[in-house]
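Accompanying notes for the structure given below.
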Amino acid sequence: MSEKLAREPIDPDLEPDLPRPQRESARERGVLMGVIAIGGSLGALGRYGLAQLWPTTPGGFPWATFATNVTGCFLLGVLMVLITDVWSAHRLLRPFLGVGVLGGFTTFSTYANETRNLLQPNSIGVAFGYLAGTLICALLATLLAVRITRAACLRGDGKATA
């Protein structure tokens, strides 16, 4: 593990040295949950719209869910570099965009259900292609997004150029 990652807190929105009651008030927690809920609603609406525009035929490859998950992972990679390495972001930006919008947009539960539904004698190959293809492409999309975003926004010394 890199030295920089080892020094980063698990959740940068919290101060881990403070006892829980001092970290956040009930009001702050409510605001945080509200921001995540609004973002999640927007992300889920985007996913629903894409699924309506690109329906899956029975036994066919679920392209809408595949595209949603791979695109969402790419965008999460971009977002995490921007808010951790480039911007001094508002404390609610990551929960709104990352947990909310992109968490609501991506749908790995649907991915699992669609894979299970494809496990039929006439679509077993599609099931395994979808299962492996989504996992590999989502991970590669995240890695690619992180590398591209870092290359575009950071100089060699790790400082933001934007």
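Just so you know, these numbers come straight off a predicted model, no measurement behind them.
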Under the side-chain contact (heavy atoms from CB on, under 4.5 Å) test, residues paired with L45 that sit two or more places apart: none
Do [X] and [Y] share a hydrophobic cluster (ILVMFWY, side-chain heavy atoms under 4.5 Å, transitive)?
{"X": "W87", "Y": "V35", "value": "yes"}
{"X": "L42", "Y": "V31", "value": "yes"}
{"X": "L143", "Y": "L102", "value": "no"}
{"X": "F105", "Y": "F96", "value": "no"}
{"X": "I36", "Y": "I38", "value": "yes"}

L97 CG to I83 CD1 distance, which is reported to the nearest 0.5 Å: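 Going from CG on L97 over to CD1 on I83, the span is 7.5 Å.
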Value rounded to 0.5 Å, distance of CG in L82 from SG in C153: 5.5 Å
Contact check, side chains of E28 and M33, non-hydrogen atoms, under 4.5 Å: no
F61 atom CZ: more than 12 heavy-atom contacts under 6.0 Å: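 Counting neighbours around CZ of F61, more than 12 heavy atoms of other residues, nucleotides or ligands fall under 6.0 Å, so yes.
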Close aromatic pair by centroid cut-off 6.0 Å: F66 and Y111: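 No - the distance between ring centres of F66 and Y111 does not fall below the 6.0 Å cut-off.
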Nearest heavy-atom neighbours spanning G104 and R47: O-NH2, 2.9 Å
Nearest heavy atoms of A127 and L119, plus distance in Å: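 Looking at all heavy atoms of both residues, the closest pair is CB-CD2, 3.6 Å.
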Would a distance-only check, ignoring hydrogens and angles, find a side-chain to backbone donor-acceptor pair under 3.5 Å from [X] to [Y]?
{"X": "T142", "Y": "A138", "answer": "yes"}
{"X": "N69", "Y": "T134", "answer": "no"}
{"X": "R94", "Y": "M80", "answer": "no"}
{"X": "S123", "Y": "V126", "answer": "no"}

